[in-house]
Protein chains: 2
Amino acid sequence: MAALALRRDHAVNAAPVRLRTDPETEVPGVELSGGGTGPRRQRLAPDQRRQQIFACAQRLFNDRPYEDVSATDIAAAAGVARGLVNHYFGNKRGLYLEVVRLNSTVPEMAVAGLPEGSLDQRIDASVHWFLEALERTGGTWLALGSGGMGRDPDLERILVEAENDSVERLLEAMGLAGRHTGQEEVRAMMRVYAQLARSGAREWLLRKTLTRAQAHALLSSTLRVIVKEAIPAI
Amino acid sequence: MAALALRRDHAVNAAPVRLRTDPETEVPGVELSGGGTGPRRQRLAPDQRRQQIFACAQRLFNDRPYEDVSATDIAAAAGVARGLVNHYFGNKRGLYLEVVRLNSTVPEMAVAGLPEGSLDQRIDASVHWFLEALERTGGTWLALGSGGMGRDPDLERILVEAENDSVERLLEAMGLAGRHTGQEEVRAMMRVYAQLARSGAREWLLRKTLTRAQAHALLSSTLRVIVKEAIPAI
DNA sequence: GTACTTGTTGACATACTGCCAATAGTGCTT
DNA sequence: AAGCACTATTGGCAGTATGTCAACAAGTAC
């Protein structure tokens with residue numbers, strides 16, 4: 001298996017048909033040769049090409065489970081050779097993890113605007129804006145937590161990181177950011193609450209078993225009891 | 001692209017050595033030929049063989065993510081030809097789903113014993129027994145909720161079914177089983193709580209960021225506020 | 001126009017899955 | 001005990017997906 005002579009007969013392959021399965025998702029700034037008479041190979045700046053492939057992969061991974069999306073599918077969707085996907089993202093898994101990382105960022109949750117008011121008011125406002133942000137961005141973020149078993153360290157780390165980020169913002173909104181006693185426990189409880197919030201939002205937006213008002217009441221009352229009872233008990 | 005001839009030289013492969021990677025997990029009742037001089041093929045009753053393969057698959061799927069466990073690995077762990085795995089479970093996915101289904105059953109949570117006492121007492125006892133059952137069975141059940149995106153209908157259905165089951169027991173324990181108004185909403189809220197309970201238990205048992213007492217306080221206080229405030233508001 | 005840089009391609013080697021005919025344990029019959 | 005039927009079990013094949021890499025060519029500088 002050492003240095004075996006690679007037989008290479010490029011020109012003999014059956015299909016120079018160049019059917020060029022057209023790119024379905026193009027990057028904003030890129031003009032993909034309009035008439036069909038353009039150059040066979042469109043040579044883009046690495047950033048643009050990478051972003052284009054990423055966009056296609058994101059769409060495909062949102063529709064179908066990981067293993068049902070082949071690298072060939074992604075390449076075809078981007079109108080590009082399969083090898084290019086590996087060139088930019090190493091392997092299929094790397095591309096997938098990058099998509100998940102982007103999708104797992106908490107939708108803004110503009111905390112900056114609510115430092116005033118009583119605790120109950122801040123809780124209410126936080127829940128309100130959380131639901132608001134979710135309603136705008138649609139359910140792509142919510143679809144995350146439903147995977148199976150089989151601990152995947154990389155994937156888990158990404159999700160935990162995103163969760164910690166949202167917890168940090170939530171602490172800030174609750175005015176608990178400056179605490180020092182039992183920091184770790186407080187954050188743990190907030191992570192737990194984050195799961196409830198995600199699940200509650202899912203019942204409302206995805207499964208539609210709760211009205212928005214009911215979801216709001218559920219999320220705010222539980223957050224209230226956690227902040228007022230469970231956390232002080234630490 | 002039709003039937004391109006993949007050059008294949010199977011019979012020339014190096015090892016008919018019959019190294020017989022020994023079965024690592026055996027079924028209780030099965031005596032696997034002790035000396036090494038036993039028959040090359042151990043012929044078992046279908047149920048036993050099936051259970052043995054299942055046990056190996058369960059162990060492997062608990063350690064590594066789905067795609068990192070090949071059917072060859074499972075077969076090797078069971079000391080069996082790879083084809084036999086497909087023979088018993090159809091395909092790798094079927095085996096995986098069966099493992100998930102078993103692992104996702106809620107650990108007993110013996111509800112039968114606590115119909116007496118006030119609501120607060122029942123809540124406290126339920127949480128207590130939930131944590132108790134989890135502590136005994138170890139973290140295999142907890143590892144479930146951490147998967148990625150990519151909605152898999154079958155997998156999701158299994159998890160939802162298990163969740164509904166646990167919700168039903170929880171409703172029974174809370175004395176809410178007989179309700180008729182807003183059944184769907186009550187169940188939805190209980191599903192949301194189930195996510196919180198799972199997450200809280202994970203912080204305690206897996207990540208060890210909460211003490212058992214803290215987890216207990218968190219789970220019971222949130223359950224209390226849901227049953228007493230959010231549900232009556234429906 | 002020519003040379004150079006590097007984005008892009010296609011093929012190869014490998015791995016894994018589902019499938020199936022052939023093989024060989026195991027119990028039953030004679 | 002020998003033969004036989006049943007079927008659990010095996011090994012190999014076909015198809016497909018993946019990662020890698022040398023060659024190709026689009027665009028630019030000269």
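In what follows, chains are A, B, ... by sequence order, proteins preceding strands, each numbered from 1.
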| request: Find which nucleotide of DNA chain C each of B:Thr72 and A:Ala45 is nearest to by heavy atoms, and output the residue with the more 5' nucleotide. | output: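 So the residue in question is A:Ala45.
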Would you tabulate the nitrogen or oxygen pairs shorter than 3.5 Å linking the protein to nucleotides 21-24 of chain C?
residue : atom : partner : partner atom : Å
C:dT23  : O2   : B:Arg41 : NH1          : 2.7
C:dA24  : O4'  : B:Arg41 : NH1          : 3.3

| task | Among D:dT10, C:dT8, D:dG19, find the nucleotide with the atom closest to the side chain of A:Lys92. | result |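 Side chain of A:Lys92 sits closest to D:dG19.
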| message | Parallel, tilted or perpendicular, judged at 30° and 60°: which one describes the rings of B:Phe61 and B:Tyr66? | response |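 The arrangement is parallel - the two ring planes meet at less than 30°.
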| query | Would B:His216 and B:Trp204 satisfy side-chain contact (heavy atoms from CB on, under 4.5 Å), going step by step from the backbone distance to the final call? | reply | CA-CA 9 Å; B:His216 185 106; B:Trp204 161 51; over 6 Å; no
Would you say [X] reaches [N]'s phosphate, i.e. side-chain N/O to OP1/OP2 under 4.0 Å?
X	N	result
A:Asn91	D:dT18	no
A:Arg82	D:dA17	no
B:Tyr88	D:dA8	no

| Picking from B:Gln195, B:Arg187, B:Arg191, what satisfies side-chain hydrogen bond (donor to acceptor under 3.5 Å, both in side chains) with B:Glu163? | B:Gln195
| field | Donor-acceptor pair under 3.5 Å, A:Arg50 side chain vs C:dG7 base | value |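 Counting by modelled atom types and ignoring angles, no donor-acceptor contact under 3.5 Å is found here.
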Atom [atom1] of [X] to atom [atom2] of [N]: distance rounded to whole Å?
X	N	atom1	atom2	value
B:Asn86	D:dC13	CG	P	17 Å
B:Glu67	D:dG19	CD	C1'	15 Å
A:Leu44	D:dT28	CG	P	12 Å
B:Arg49	D:dT9	CZ	C1'	8 Å
B:Tyr96	C:dT17	OH	P	14 Å
B:Asp73	C:dT17	CG	C1'	13 Å
A:Leu84	D:dA25	CG	C1'	14 Å
B:Asp47	D:dT7	CG	P	14 Å

| How far apart are the closest heavy atoms of B:Thr222 and B:Tyr193, and which atoms are they? |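 What the structure gives for the nearest pair is OG1-CE1, 3.5 Å.
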| query | Of all heavy-atom pairs between B:Leu60 and B:Val69, which one has the smallest distance, and what is that distance? | reply |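 In this case the closest contact between B:Leu60 and B:Val69 is O-CG2, 3.7 Å.
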| query | Hey, mind stepping through A:Phe54 and A:Leu102 against side-chain contact (heavy atoms from CB on, under 4.5 Å) and telling me if it holds? | reply | CA-CA 11 Å; A:Phe54 183 84; A:Leu102 185 73; 3.6 Å; yes
| task | Please examine the side chains of A:Val80 and A:Arg49, heavy atoms only from C-beta on, and report whether any two atoms are closer than 4.5 Å. | result | yes
